[in-house]
Amino acid sequence: MRVDIVTIFPEFFQVLDVSLLGKARQDGIIDVRVHDLRDATTDRHRTVDDTPYGGGAGMVMKPEPWGQTIDAILDDAAGQPAVPAEGSGSGDARPLVVFPSPAGTVFTQATARRYALEPHIVFGCGRYEGIDQRVFDDTAERARVELVSLGDYVLNGGEVAVTAMIEAFGRLVPGVVGNPESLVEESHEDGLLEYPSYTKPALWRGREVPDVLLSGHHAKIAAWRHEQQIERTRRVRPELLPPELR
Ligand SMILES: N#Cc1c(-c2ccc3ccn(Cc4ccc(CN5CCCCC5)cc4)c3c2)n[nH]c1N
């Protein structure tokens with residue numbers, strides 16, 4: 001899987017050199033390439049923004065550097081088709097270009113599962129008040145374009161969102177996580193929040209571990225854990241439950 005990231009803060013993504021994703025990159029499972037948008041500027045000040053047409057506060061990112069950078073990435077990728085992960089992908093052979101945006105659809109575990117099947121994703125990290133709309137419209141001529149939001153709060157740019165998205169789908173790419181079993185029983189994977197976890201010691205600061213977890217009775221443990229998931233989801237995120245369980 002190939003991932004290209006366009007940003008004015010390339011150093012931001014040094015975080016992708018560590019932990020699981022760092023190993024996935026070293027193992028060649030995920031090929032991450034970071035591109036500095038300013039490398040596509042032509043003026044002495046390497047300008048990437050300008051005032052908004054129609055007025056308004058802040059600055060908007062100019063289309064030219066974006067168009068040039070995205071074209072170069074897509075042209076390069078066209079010559080080196082990336083290998084899709086196992087499993088059925090979108091069926092649309094065009095590359096996927098994702099722009100984090102406060103105006104995007106919310107990124108969920110379902111989005112992460114879908115992205116993990118893509119052979120190639122380009123992420124465009126905006127800053128300032130956003131990117132000239134024509135960049136999205138022009139890119140959509142040759143790629144699938146998605147505007148995606150992390151959630152209903154305001155960030156200063158797309159870099160944090162892209163880091164979170166790459167971690168979320170990266171761990172689902174076959175070969176990245178050592179034990180794929182650990183991906184099955186986790187929050188949102190089955191639509192429920194996860195059950196509480198415990199480990200040694202059996203007694204800590206006067207607090208014990210639920211007896212059922214010490215029973216060795218796997219069916220009872222599974223039933224207890226599922227009930228805990230439903231109880232926690234009902235308390236914290238009732239909207240995730242089917243109406244009959246709320
Ligand atoms: N993913 C994600 C995000 C982002 C996100 C993602 C990408 C960029 C690029 C730039 N910014 C900053 C910014 C902040 C506020 C506004 C709102 N408008 C401003 C102009 C007048 C109208 C309203 C726009 C752009 C970004 C923020 N925020 N929250 C998420 N979950």
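We're numbering straight along the sequence, starting at 1. In listed order, ligands and their atoms are each counted from 1.
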Short side-chain to backbone donor-acceptor contact, R225 and Y195, under 3.5 Å: no

Could you tell me which atoms of ligand 1, counted from 1 in the order shown, lie closer than 4.0 angstrom to a heavy atom of Y128? 10 (C), 11 (N), 12 (C), 13 (C), 25 (C)

What do you reckon, does R127 have a nitrogen or oxygen under 3.5 Å from a nitrogen or oxygen of ligand 1? no

Quick one: nearest non-hydrogen protein atom to atom 29 (N) of ligand 1, plus distance? Y153 O, 2.6 Å

Check the pair D27, K23 against salt bridge (charged side-chain N to carboxylate O under 4.0 Å, His left out), reporting the backbone distance first and the verdict last. CA-CA 6 Å; D27 294 348; K23 187 172 182 309; 2.6 Å; yes

Any idea which atoms of ligand 1 are less than 4.0 Å away from a heavy-atom of G158? 7 (C), 8 (C)

Nearest to atom 15 (C) of ligand 1, what protein heavy atom do you find, and at what distance? V154 CG1, 3.6 Å

Test of understanding: given a 4.0 Å heavy-atom threshold, classify the contact between D152 and ligand 1 as side chain, backbone, both, or neither. neither

State plainly whether the residues R38 and D36 are in salt-bridge range, i.e. N to O under 4.0 Å. no

If you have a sec, work out which protein heavy atom is nearest atom 20 (C) of ligand 1 and how many Å separate them, to one decimal? E129 OE1, 3.3 Å

Record the part of A57 in heavy-atom contact with ligand 1 below 4.0 Å; permitted values are side chain, backbone, both and neither. neither

Please tell me if the side chains of V3 and M165 come closer than 4.5 Å, counting only heavy atoms from C-beta onward. no

Parallel, tilted or perpendicular: which one describes the rings of F123 and F169, with boundaries at 30° and 60°? parallel

Answer yes when R142 and D71 have at least one side-chain N-carboxylate O distance shorter than 4.0 Å, and no when they do not. yes

Among L155, V60, V162, L147, the residue with a heavy atom nearest to atom 27 (C) of ligand 1 is L155

Within the side chain of S149, is there an N or O that forms a donor-acceptor pair under 3.5 Å with the backbone of G151? yes

Going hydrophobic residue to hydrophobic residue with side-chain gaps under 4.5 angstrom, can you get from V209 over to W204? no

Between D43 and H45, is there a donor-acceptor pair closer than 3.5 Å when you use the side chain of the first and the backbone of the second? yes

Any protein heavy atom at under 4.0 Å, with atom 17 (C) of ligand 1 as the reference point? no

So, is G151 polar-close to ligand 1, with some N/O to N/O distance under 3.5 Å? yes

Would you say ligand 1 has an N or O under 3.5 Å from any N or O of A161? no

Identify, by atom number and element, the atoms of ligand 1 in contact range of V148, meaning under 4.0 Å from any of its heavy atoms. 1 (N)

Considering only heavy atoms, which of L150, V106, I131 lies nearest to atom 2 (C) of ligand 1? L150

Between the main-chain N or O of L241 and the side-chain N or O of R234, is there a donor-acceptor pair closer than 3.5 Å? no

Is atom 5 (C) of ligand 1 less than 4.0 angstrom from at least one protein heavy atom? yes

Between the main-chain N or O of E194 and the side-chain N or O of Q229, is there a donor-acceptor pair closer than 3.5 Å? no

State the atoms of ligand 1, each with its element, that fall below the 4.0 Å cut-off from a heavy-atom position in P100. 1 (N), 6 (C), 7 (C)

Looking at atom 22 (C) of ligand 1, tell me if a protein heavy atom falls under 4.0 Å from it. no

